[in-house]
Enquirer: 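Please find one structure pasted underneath; my questions will follow.
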2 protein chains.
Amino acid sequence: MSTRQRSGATSSDVAALAGVSQSAVSRAFTPGSSLAEEKRLRIVEAAKKLNYVPNSIARSLTTRRSNIVAVILGNTANPFYLQVLEAFILRLQGQGRQVLTFTVPNGGDSDEAILRVLRYQVDGVILTSAQLSTRMVSLCHDRGIPVVLFNRYIPGSDASGVRCANAEGGRLIAEAFLAAGARTFAMIHGDPKGTTSQDRARGFVDKLAEAGIARSAITSLEGHSVYDGAFNAVSRHYRDGKAKLPDAIFGINDIMAMGAIDALGQRFGLKVPDDVMIGGFDDIAEGRRFPYRLTTVRQPIDTMVEKALDILHLDEPLRPIQPGIDVQVPGRLIWRQSIPAPRSRTPDGAA
Amino acid sequence: MSTRQRSGATSSDVAALAGVSQSAVSRAFTPGSSLAEEKRLRIVEAAKKLNYVPNSIARSLTTRRSNIVAVILGNTANPFYLQVLEAFILRLQGQGRQVLTFTVPNGGDSDEAILRVLRYQVDGVILTSAQLSTRMVSLCHDRGIPVVLFNRYIPGSDASGVRCANAEGGRLIAEAFLAAGARTFAMIHGDPKGTTSQDRARGFVDKLAEAGIARSAITSLEGHSVYDGAFNAVSRHYRDGKAKLPDAIFGINDIMAMGAIDALGQRFGLKVPDDVMIGGFDDIAEGRRFPYRLTTVRQPIDTMVEKALDILHLDEPLRPIQPGIDVQVPGRLIWRQSIPAPRSRTPDGAA
DNA sequence: TTGAAAGCGCTAACAG
DNA sequence: CTGTTAGCGCTTTCAA
């Protein structure tokens, strides 16, 4: 029966068995280091016999590189960010790196998570949660740990980030509504402090203004970025004919748009798009399904993930961190049935 | 401009500034170690001044404990396992531990992930993906790293695990169908090699047999544990009236049950439960929503997560690993509208 | 190409 | 309570 004390063979054990020096063993497991082929083979064999696996912790101590990237998640209730997490894991795994995952309560600050991450000497941090004190940003910066904000930014800070062109995306939805003949609107906001929500709303309102729609023709509801929030907001606002139903509702993200559709259906027996048209943002898998068939703005997750990792420069650890990089990736309108398509569009196709 | 070389102040730096020994600094950051309060304060102050954060990597090297737990995910297309991941992260984070997340392609084996995990000296491994060679189990065992299988087991192996009482859950759904008057059935299987799918199906069929339903009255479809798989299987099998529709369909998990409901609605204009009744398993959030309102068996995630962590015995690392623990947690039937409720039941309530 | 030796930053006896 | 000392397992000069 094994005890938890022992943690397996070390490079010295392997060295002894193979009759070489301990550094030779180290070299045998370091691609690109010079070692006689015959010797390498003997070492690998000895290692196999002892079930030797190199200790990455010890390696990290000397190299000062952990090969670990931290991903800090905010709103896990939004499937979009779970998809993002998965994309990061897949890509990073493919590069031989590991992902340390943290969640912070929706709207909470990520300072505590950052502090933990610092202790583990991660090579980089991806942050998808809203709040981050600039103090933490500089703490990471001082220690040479690059941070990239995913889909958010801190105005006035020099933190780097990649995000979807949110305002432009908001405009796309407005255009779609307009093309389908809508004249009165509602939008369901997410986190009122989040730049993502604000930007999408701004683009939406701006485009509408250009088309001559007064701000007063646009109702604002608060959905707090989650399904239930949107469901409840819509249920409450329009119950008993209290407020007049608009022609179109913009869910600032898909999950809220879905909440709105379900509230309309369940509470008021209303059909989309016959009674109200709905637009979303993100293009999550759930929104593509039969009951929703959401017209939405697709965020190109893979591209965004790739660009985020580019900013991290994991392969060139010595390169100084460049502050203030702000990459914006355009979203793309995906037409489905939740907004009646103008004649020139085909459902489920691109804009 | 900072370079990536330097990685911050060390305990020696703090010691120098505070005028104490380096070990005093170590003690100041180790709860429960004896140190004069006045001295501790001075150290903390010096640490703050230097932005000192203890290096967990170095700590792990000496203590042989990383405070890291690995979670290896199989089918990420099933929201249930994402919920499980989140539950683990939340709980582990609360204990001051970190989570290293891995994904393995659906049906792929997790050996490669395990090997990586071993290098990082994790304190424990949670595995939710099907395939795991017994060689890897013993590799972990030898190194004193406890492994627990979540919702699956390897017959004949001494790997520990926690799972829902799947067969019993399958029986619950069968009972519900029977109570609602169904006489002909279909079930949509997940991974045909997965014990989870097999057990649920077995319980379902057994219960039906006891009620006098012949095996030939039960159609088997393959949904591969994913939404699209179930959607396609149902669309294909029943198109053009090729096969006769059963009274009830059991989706071996919720996400497949949802795929079935959508296929029925979109392809054949059929309504649930009026035309066909549907049962699921898992009780994922998506299945509770208006378009689905799935009657299902709830897996008590929190309980299961708790029991899984109990098996890991993270707090008593010296305790030898006990092989072959197999905890089964009962599921609970949740009545919703996808199966017509007998008079004695209230929708959304417990069985 | 190879081995010896010096750490990486920290914890853990062990004296005092 | 506190400082000294000896490593944890590995990488990396530095000579040979």
Side-chain angles (χ1 to χ4, degrees), chain A residues 4-43 46-47 50-67 118-123 143-144 317-318, chain B residues 4-43 46-47 50-67 118-123 143-144 317-318:
Chain A
R4 306 276 278 277
Q5 319 267 24
R6 192 193 48 209
S7 66
T10 71
S11 57
S12 300
D13 299 334
V14 177
L17 182 60
V20 297
S21 75
Q22 181 269 327
S23 17
V25 177
S26 171
R27 289 182 181 115
F29 286 90
T30 308
S33 59
S34 63
L35 187 64
E37 193 51 29
E38 178 268 337
K39 194 168 266 187
R40 161 168 278 128
L41 252 39
R42 215 169 48 198
I43 292 172
L50 295 175
N51 276 335
Y52 170 73
V53 176
N55 182 332
S56 293
I57 296 282
R59 161 190 270 257
S60 302
L61 191 58
T62 37
T63 60
R64 297 153 167 299
R65 309 224 74 217
S66 59
N67 272 315
L118 251 27
R119 297 165 102 101
Y120 279 87
Q121 312 284 104
V122 301
D123 294 342
R143 310 191 127 232
L318 301 180
Chain B
R4 306 275 278 277
Q5 318 267 23
R6 189 192 49 207
S7 67
T10 72
S11 59
S12 299
D13 299 334
V14 176
L17 182 60
V20 297
S21 76
Q22 181 269 327
S23 21
V25 177
S26 171
R27 289 182 180 114
F29 286 90
T30 307
S33 58
S34 61
L35 188 63
E37 193 50 30
E38 178 268 336
K39 194 168 266 188
R40 162 168 277 127
L41 252 38
R42 215 170 47 198
I43 292 173
L50 295 176
N51 276 335
Y52 170 72
V53 176
N55 182 333
S56 293
I57 296 282
R59 161 190 269 257
S60 303
L61 191 57
T62 37
T63 60
R64 297 152 166 299
R65 310 224 74 219
S66 60
N67 272 313
L118 251 29
R119 297 165 101 101
Y120 280 87
Q121 311 283 103
V122 300
D123 294 342
R143 310 190 129 234
L318 302 180

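In this text, all values refer to a predicted model and were calculated from it rather than measured experimentally. Order of the sequence lines fixes the chain letters, A, B, ..., with proteins taken first and strands second; residue numbering starts at 1 for each chain. Only this structure's heavy atoms are used, side chains among them; waters, hydrogens and symmetry mates stay out.
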Enquirer: Quick one, A/R64 and B/N55 - any side-chain contact, counting heavy atoms below 4.5 Å?
Expert: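 Contact flag for A/R64/B/N55 side chains = no.
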Enquirer: For B/N55 and C/dT11, give me the distance from atom CG to atom P, rounded to whole Å.
Expert: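 One finds 9 Å between P of C/dT11 and CG of B/N55, rounded.
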Enquirer: Could you tell me the separation between the CD1 atom of A/I57 and the C1' atom of C/dC8, rounded to a whole number of Å?
Expert: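 In whole Å, C/dC8 C1' and A/I57 CD1 are 13 Å from each other.
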Enquirer: What distance do B/R59 atom CZ and A/L61 atom CG have between them, rounded to the nearest 0.5 Å?
Expert: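 If I round to the nearest 0.5 Å, the distance is 14.0 Å.
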Enquirer: Using a cut-off of 4.0 Å on non-hydrogen atoms, how would the nucleic acid contact of B/T10 be classed: base, sugar-phosphate, or nothing?
Expert: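 Here B/T10 touches the backbone only, sparing every base.
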Enquirer: Describe the nucleic acid contact of B/S11 in one word from base, sugar-phosphate, nothing, applying a heavy-atom distance below 4.0 Å.
Expert: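 Contact class for B/S11: sugar-phosphate only.
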Enquirer: Looking at every strand, decide which applies to B/Y52 at a 4.0 Å heavy-atom threshold: base, sugar-phosphate, or nothing.
Expert: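 The answer is sugar-phosphate, as B/Y52 gets under 4.0 Å only of primed atoms, P, OP1 or OP2.
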Enquirer: Just N and O in the side chain of B/T62: are any of them under 4.0 Å from OP1 or OP2 of C/dA12?
Expert: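 No, no such contact exists.
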Enquirer: So, B/S11 side chain and B/S26 main chain: donor-acceptor pair closer than 3.5 Å or not?
Expert: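 The answer is no, because no donor-acceptor pair under 3.5 Å joins these two groups.
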Enquirer: I want to confirm an ordering. Mapping A/F29 and B/A36 to their closest nucleotides on DNA chain D, which one lands closer to the 5' end?
Expert: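 That would be B/A36.
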Enquirer: Could you check how far OH of B/Y120 sits from P of D/dC8, rounded to whole Å?
Expert: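 In whole Å, D/dC8 P and B/Y120 OH are 21 Å from each other.
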Enquirer: What contact category does B/T63 fall into here, base, sugar-phosphate, or nothing, at under 4.0 angstrom with non-hydrogen atoms?
Expert: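 Sugar-phosphate, no base atom in range.
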Enquirer: Can you identify which nucleotide, out of C/dG7, D/dG3, C/dG3, has its nearest atom closest to the B/V20 side chain?
Expert: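 For the B/V20 side chain, the nearest candidate turns out to be D/dG3.
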Enquirer: For the side chain of A/S21, counting heavy atoms from C-beta on, which of D/dG3, C/dT1, C/dA4 is nearest?
Expert: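 Closest of the options to the side chain of A/S21: C/dA4.
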Enquirer: Without decimals, in angstroms, what is the distance between B/R64 CZ and C/dC10 P?
Expert: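 Nearest whole value for this atom pair: 19 Å.
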Enquirer: Using the side chain to side chain contact (heavy atoms under 4.5 Å, CB included) definition, which of the options A/L35, A/V14, A/I43 pairs with A/V20?
Expert: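 Between A/V20 and the candidates, side chain to side chain contact (heavy atoms under 4.5 Å, CB included) is satisfied uniquely by A/I43.
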Enquirer: How far apart are the C-alpha atoms of B/R40 and B/R27, what are their side-chain angles, what is the distance that settles it, and do they pass the side-chain contact (heavy atoms from CB on, under 4.5 Å) test?
Expert: CA-CA 8 Å; B/R40 162 168 277 127; B/R27 289 182 180 114; 5.5 Å; no
Enquirer: Check if the side chain of B/S23 and the base of D/dT4 share a donor-acceptor pair of N or O atoms closer than 3.5 Å.
Expert: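 Check passes, donor-acceptor contact within cut-off.
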Enquirer: Closest to the B/K39 side chain: D/dC10, C/dG3, D/dT2?
Expert: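 For the B/K39 side chain, the nearest candidate turns out to be D/dT2.
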Enquirer: Does a distance-only test, which skips hydrogens and angles, find a donor-acceptor pair under 3.5 Å between the side chain of A/R27 and the base of C/dG3?
Expert: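 Yes.
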Enquirer: Just how far, in rounded Å, is P of C/dT1 from CD of A/Q22?
Expert: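 Atom-to-atom, A/Q22 to C/dT1, this comes out as 19 Å.
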Enquirer: For A/R65 and D/dT12, give me the distance from atom CZ to atom C1', rounded to whole Å.
Expert: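 These atoms are roughly 17 Å apart.
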Enquirer: Taking CZ from A/R59 and C1' from C/dG7, how many angstroms apart are they, rounded to a whole number?
Expert: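 Atom CZ in A/R59 sits about 17 Å away from atom C1' in C/dG7.
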Enquirer: Nearest whole Å is fine: how far is C/dG9 C1' from B/L61 CG?
Expert: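 From B/L61 CG to C/dG9 C1': 9 Å.
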